[in-house]
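Report on one structure; see the data block that follows.
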2 protein chains.
Amino acid sequence: MKKVVLKDIAQYVGVSTALVSYVLNGQAEEKQVSKENAEKIKQAAIALNYQPNQVAKSLRTQKTHTIGLVVADINYRFSTGITRSIEAEAKRRNFTVIYGSSDEDAEKFTQLTNVLINRQVDGLILVPGEDSEEQIVLLQQSGTPFVLVDRYFPNIDTNYVALDNYKASYDAISYLVKTGHKKISFVNLETSLFHLRERDRGYRDALKDHHLEANPEWMRHLRPQHLKEDMELATRQILDRLNPCDAVLFATDRLSIAGLKQFNDYGIRIPKDISVLSFDEADAFDLFYCPVSHSRQPLEKMGEAAVDILVDLINKQKTHKQLYFQTDFIAGKSCRE
Amino acid sequence: MKKVVLKDIAQYVGVSTALVSYVLNGQAEEKQVSKENAEKIKQAAIALNYQPNQVAKSLRTQKTHTIGLVVADINYRFSTGITRSIEAEAKRRNFTVIYGSSDEDAEKFTQLTNVLINRQVDGLILVPGEDSEEQIVLLQQSGTPFVLVDRYFPNIDTNYVALDNYKASYDAISYLVKTGHKKISFVNLETSLFHLRERDRGYRDALKDHHLEANPEWMRHLRPQHLKEDMELATRQILDRLNPCDAVLFATDRLSIAGLKQFNDYGIRIPKDISVLSFDEADAFDLFYCPVSHSRQPLEKMGEAAVDILVDLINKQKTHKQLYFQTDFIAGKSCRE
DNA sequence: TCATTTGCTTTAATCGTTTAAAGTATTACA
DNA sequence: TGTAATACTTTAAACGATTAAAGCAAATGA
């Protein structure tokens with residue numbers, strides 16, 4: 001069964017392709033197409049089940065109505081969440097999303113963005129990984145509209161939608177202080193990614209402002225590739241006999257899961273033995289014996305904002321924006337009060 | 001900065017676009033392009049940073065080298081897993097994947113497939129939901145190459161890649177029987193989806209073959225939209241004072257999570273009070289106090305197979321295939337031995 | 001010397017749309 | 001009656017690639 005194209009409708013009705021195009025694009029009035037022909041064309045389109053060829057349309061209009069999305073790792077909850085909200089908002093605005101996962105690999109990230117650009121996406125939404133500054137700068141120079149989400153580079157002036165990581169971290173620690181904790185550990189990843197470094201800063205400043213002990217051993221930076229072993233060491237340090245912590249803040253959901261597993265293995269009970277607070281949400285928290293308190297990123301809002309900004313950029317409304325969001329605090333029962 | 005197109009290179013070097021096209025598509029030898037020109041063209045392409053316009057290419061060749069993927073719900077672990085492996089295999093074969101989530105909604109499913117077809121994807125990989133038979137039949141009639149994954153319709157003769165759900169279920173029950181369980185419950189979803197009905201059948205037959213009590217109350221079908229309340233009822237029934245089960249098999253990961261949460265709430269300990277076996281894998285299992293034994297779907301292999309079959313279809317190698325896979329049994333500690 | 005072959009290059013149509021610009025009746029007005 | 005406006009419709013050139021087919025020298029063969 002051959003594909004029905006515009007020309008087929010034109011022949012079927014006995015008019016030129018121009019008329020058909022006008023009618024099917026809702027320009028019947030504007031282009032003063034006779035009611036009779038307009039009606040015939042509409043009927044024919046239905047009768048022949050005409051499906052416009054978007055590729056041809058894109059080539060002609062130089063617009064694909066497509067957004068390219070590169071997430072850091074599709075296995076992250078953050079990624080599926082943000083993808084979902086970006087898709088929803090994109091659909092609302094009649095855009096399609098093509099996406100890919102860089103798996104935190106700078107080269108793959110570059111490759112992916114190039115593939116997407118070759119496919120003529122109108123713009124990009126990116127969650128860049130380590131060592132991607134260069135590619136971002138190149139993108140910027142090329143004039144491709146793009147928005148960064150979650151992660152950004154303080155010394156590159158781009159549009160981005162991010163969390164106020166400093167504040168989120170500061171507030172989380174303040175909450176722990178307020179609920180009577182005095183020896184607070186912070187477990188983060190070893191990375192140069194700015195947003196995670198901001199969480200460090202929030203922790204440090206909060207401790208200082210509340211005049212708490214800032215034991216250097218309590219701020220841990222685990223190697224992503226050696227999470228399990230580094231976590232084992234970290235938790236042992238945190239639970240140290242002589243000077244144990246009474247609370248720990250994990251900087252990401254994956255850290256929390258690894259940490260809680262380790263606590264399980266050690267037979268440590270939450271929150272009796274130690275209070276636990278987490279960044280991000282994880283489905284896995286559901287199955288833990290006590291709900292885990294955590295700071296939740298407003299993924300829906302962030303995704304929507306990213307699409308909004310990007311679409312503005314695409315439409316040449318040169319909004320230059322850096323948007324910060326606040327976390328929602330989800331109170332569980334993993335913190336002693 | 002204007003985009004560099006083929007013509008620009010042609011002008012830059014002083015040849016026709018045909019030559020440029022030949023050289024950049026590796027047909028220099030075949031088309032007997034002079035070494036001199038070939039070299040110049042290659043240099044120019046690099047110098048001008050030429051990026052071919054895939055849209056134009058697709059229009060001309062009538063091939064987009066793109067696969068459309070529609071998953072049932074991006075939030076399922078199954079979806080991210082299969083997406084990942086499909087993406088990887090597609091990339092290996094030089095295809096890009098555009099995907100969307102139908103959120104188990106038949107209308108959205110139809111819409112999505114149409115959007116993808118309009119974008120001229122070369123073929124589709126689909127995880128259809130309830131009430132999508134009609135759309136599948138239409139697709140088949142239209143001649144669009146497609147492969148179903150995970151779910152399929154026994155009375156529609158399509159290509160698919162699926163689990164041997166009957167056997168997986170049968171084997172899981174047999175394992176429970178072998179480890180000494182006698183009163184085995186099976187918690188499934190209320191749905192007409194064939195693959196889940198097959199799991200019912202496996203359960204029933206296994207009970208019969210092992211001459212076990214087949215209490216109708218022990219085969220539960222929960223409404224997906226009322227999972228929590230139905231699960232509460234189901235678990236109460238399973239734990240019934242007078243005739244409690246000694247084991248339960250959950251038909252999906254989400255059911256397991258809901259069930260285990262409920263057990264947590266009731267203060268039931270696994271596997272002391274009851275043995276638990278699950279289909280699928282869940283990150284959340286990690287945080288449960290005891291590793292959950294489960295039957296794991298070989299997502300990587302399934303995704304690869306789906307791409308393989310689809311690409312064959314696209315290349316007119318009319319392989320007509322129904323592929324069944326077996327689950328891997330992952331032994332945890334949630335079953336009393 | 002003329003025809004043929006070889007080696008290389010260009011021309012131009014094509015994919016399926018969109019959209020200025022031009023074309024052609026018909027009607028209105030002076 | 002001639003001109004202008006109105007109401008439509010068609011023509012044809014894009015968009016950026018691919019690719020038969022044709023073109024054109026120079027080399028070869030008879």
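What you see below is based on every heavy atom in this structure, not just the backbone, and it leaves out hydrogens, waters and symmetry mates. Naming convention: chains lettered A, B, ... in sequence-line order (proteins, then strands); numbering from 1 in each chain.
- B:V55 comes within contact range of no nucleotide atom at all, as no heavy-atom separation falls under 4.0 Å.
- Atom CD of A:Q32 and atom P of D:dC8 are 7 Å apart (whole Å).
- In this structure, of D:dT19, C:dG16, D:dT9, it is D:dT9 that holds the atom nearest to the side chain of A:L19.
- Of the charged side-chain nitrogens involved, at least one lies within less than 4.0 Å of a carboxylate oxygen, so that B:R92 and B:E89 count as a salt-bridged pair.
- In this structure, A:E36 places its CD atom 12 Å from C1' of D:dC8, rounding to the nearest Å.
- The distance from atom CD of B:E29 to atom P of C:dC8 is 11 Å, rounded to the nearest whole Å.
- Atom NE2 in B:H65 sits roughly 14 Å away from atom C1' in D:dT18 (whole-Å rounding).
- Contact annotation: B:K57 side-chain N/O to D:dT18 OP1/OP2 distance is under 4.0 Å.
- A donor-acceptor contact shorter than 3.5 Å links the side chain of A:E130 to the backbone of A:S192.
- Side-chain atoms of B:Q135 and B:T113 include a donor-acceptor pair closer than 3.5 Å.
- Counting to the nearest Å, the P atom of D:dT9 and the CD atom of A:Q27 are 15 Å from each other.
- Within the nucleic acid shown, B:S21 comes within 4.0 Å of at least one base atom, counting heavy atoms only.
- At a threshold of 4.0 angstrom between heavy atoms, the contacts of B:Q62 are confined to the sugar-phosphate backbone, with no base atom among them.
- Side-chain atoms of B:Y22 stay outside donor-acceptor range of the base of D:dA17, with no qualifying N/O pair under 3.5 Å.
- The side chain of A:S34 contributes an N or O atom lying less than 4.0 Å from OP1 or OP2 of D:dT9.
- A:Q54 places its CD atom 10 Å from the C1' atom of C:dT17, with the value rounded to the nearest Å.
- As judged by a 4.0 angstrom heavy-atom cut-off over every strand, A:K7 is placed among residues making no nucleic acid contact.
- With hydrogens and angles disregarded, no donor-acceptor distance shorter than 3.5 Å links the side chain of A:D122 to the backbone of A:I67.
- Side-chain atoms of A:S79 come within 3.5 Å of backbone N or O of A:D73 as a donor-acceptor pair.
- Across the protein-nucleic acid pair, A:K35 atom NZ and D:dC8 atom C1' stand 12 Å apart, rounded to whole Å.
- Within 4.0 Å (heavy atoms only), B:S16 reaches at least one base atom of the nucleic acid.
- Atoms CG (A:N25) and P (C:dT18) sit 4 Å apart, rounded to a whole Å.
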